[in-house]
S.K.: 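To start, I am sharing the structure in question, which I have written as C-alpha cells.
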Amino acid sequence: MNFLEARIVRDGVVKPGNVLKVDSFLNHQMDIALMEEIGREFKRRFADKPVTKVLTIEASGIGIACFVAREFGVPMVFAKKSKSINIEGEMYVAEVESFTHKNRNQVIVSRKFLDADDHLLIIDDFLANGCALQGLISIAESAGATVEGLGIVIEKGFQIGGRVIRNLGYQLESLAIVDAMDAETGTITFREQPQWD
Ligand code: G4P
C-alpha cells in the first residue's frame, strides 16, 4: 500500500452511493505535507515531459495543482465554472456534465493564459466518469495546446472515466485506484499498482 492508499484507509469514509469522503485531508481540510508528497510523485511520473503549465478545474483541483506546478516550476491555470455565456471570444469554453451532481456547467479559461505553445499537465483530485477531464482536454484542444498527460489523486476504477481517458491514448496516472468499496463494512479495495514510495 502506498502512503496515499494508507491515508485513504485510515481517514477516508465510504458513504452509500459509492462516494468516498476524503474531506479531512484532501478536498476540504488539506494535509499540506501530503500535498507536497503528491506534487513530488507527479513530478517523478511526468519527469520527461516538457510541461509549461498545469491545468485544473475549480474547486478541489486547485490546491493539489499548486503543489504540482511548484515542482515543475511553471504556472497553474484553473478552469472556472461559469453560468455566464457572454464570454465567447475572450474565453475557451467547454461544457462539463456532472453525473454525480446531475447538472451541466460551462467551464472557461481566458485565452490570455493558454496557447498553442503550451504543453499541459492536467491535474484533478477525483476521476469518476471523466467529464471534468474531458472538458479540460477540450479546452486544451481549443487552445491548440499539447496535453502531455493527466494526473489524478483518486480514481474510482469502477466508473468509466479512467478507461475513456486511457482509450483516447493519454498517459493517465492515478496515485490510488479504488476498484471497490463497501459502505456497510467500510472496506476499500485498491487496484494493484507499481510501488512508488
Ligand atoms: P467526473 O468529473 O469524473 O465525471 O465526475 P462526476 O461528474 O461523477 O463527479 C462530480 C464531482 O464529484 C466532481 O467534483 C468529482 O471530483 C466529485 N466526486 C466524484 N466521486 C467522488 C467521490 O467518491 N468522493 C468525492 N469526495 N468526490 C467525488 P466537482 O463537484 O465537479 O468539483 P469540486 O468543486 O468538488 O472540486
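Remember, it's 1-based here, ligands and their atoms both numbered in the order they're listed. All values derive from a computational prediction rather than experimental measurement.
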S.K.: Among residues two or more places apart or on two chains, list those pairs meeting side chain to side chain donor-acceptor pair (under 3.5 Å) that have a residue in residues 143-162.
M.R.: His119-Glu148, Asn129-Gln159, Glu155-Arg166, Glu155-Ser174, Lys156-Gln159
S.K.: Salt-bridge test for Glu97 and Arg104: reply yes if a basic N is under 4.0 Å from a carboxylate O, no otherwise.
M.R.: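 Looking at Arg104 together with Glu97, the answer is yes, because their closest N to O distance falls below 4.0 Å.
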S.K.: Find all protein N or O atoms under 3.5 angstrom from an N or O atom of ligand 1 and list the pairs with distances, or write 'none'.
M.R.:
residue: ligand 1; atom: 2 (O); partner: Ala132; partner atom: N; Å: 3.1
residue: ligand 1; atom: 3 (O); partner: Ala128; partner atom: N; Å: 2.8
residue: ligand 1; atom: 3 (O); partner: Asn129; partner atom: N; Å: 3.0
residue: ligand 1; atom: 3 (O); partner: Gly130; partner atom: N; Å: 2.8
residue: ligand 1; atom: 4 (O); partner: Asn129; partner atom: N; Å: 3.4
residue: ligand 1; atom: 4 (O); partner: Gly130; partner atom: N; Å: 3.0
residue: ligand 1; atom: 4 (O); partner: Cys131; partner atom: N; Å: 2.8
residue: ligand 1; atom: 7 (O); partner: Ser98; partner atom: OG; Å: 3.2
residue: ligand 1; atom: 7 (O); partner: Phe99; partner atom: N; Å: 3.2
residue: ligand 1; atom: 8 (O); partner: Thr100; partner atom: OG1; Å: 2.6
residue: ligand 1; atom: 8 (O); partner: Asn129; partner atom: ND2; Å: 3.3
residue: ligand 1; atom: 9 (O); partner: Thr100; partner atom: OG1; Å: 2.9
residue: ligand 1; atom: 20 (N); partner: Lys156; partner atom: NZ; Å: 2.8
residue: ligand 1; atom: 23 (O); partner: Leu20; partner atom: N; Å: 2.9
residue: ligand 1; atom: 23 (O); partner: Lys156; partner atom: NZ; Å: 2.9
residue: ligand 1; atom: 24 (N); partner: Leu20; partner atom: O; Å: 2.7
residue: ligand 1; atom: 26 (N); partner: Leu20; partner atom: O; Å: 3.1
residue: ligand 1; atom: 30 (O); partner: His101; partner atom: NE2; Å: 3.1
residue: ligand 1; atom: 31 (O); partner: Lys81; partner atom: NZ; Å: 3.0
residue: ligand 1; atom: 32 (O); partner: Lys81; partner atom: NZ; Å: 3.0
residue: ligand 1; atom: 34 (O); partner: Ala59; partner atom: N; Å: 3.3
residue: ligand 1; atom: 34 (O); partner: Lys81; partner atom: NZ; Å: 3.2
residue: ligand 1; atom: 35 (O); partner: Ser60; partner atom: OG; Å: 3.3
residue: ligand 1; atom: 36 (O); partner: Ala59; partner atom: N; Å: 3.3
residue: ligand 1; atom: 36 (O); partner: Ser60; partner atom: N; Å: 2.9
residue: ligand 1; atom: 36 (O); partner: Ser60; partner atom: OG; Å: 2.7

S.K.: Strictly distance-based, threshold 3.5 Å: is any side-chain N or O of Ser82 a donor or acceptor partner for the main-chain N or O of Gln106?
M.R.: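 Flag not set: sc Ser82 to bb Gln106 has no pair under 3.5 Å.
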S.K.: Sequence neighbours excluded, which residues qualify as salt bridge (Lys or Arg N to Asp or Glu O under 4.0 Å) partners of Glu58?
M.R.: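 For Glu58, no residue satisfies salt bridge (Lys or Arg N to Asp or Glu O under 4.0 Å) once neighbours in sequence are set aside.
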S.K.: Taking only residues at least two apart or on different chains, which pairs with a member in residues 18-36 satisfy salt bridge (Lys or Arg N to Asp or Glu O under 4.0 Å)?
M.R.: Arg7-Asp31, Lys21-Asp23
S.K.: Would you say Asn2's side chain and Leu175's backbone share a donor-acceptor pair under 3.5 angstrom?
M.R.: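 Yes; judged by distance alone, with no hydrogens or angles, the pair exists.
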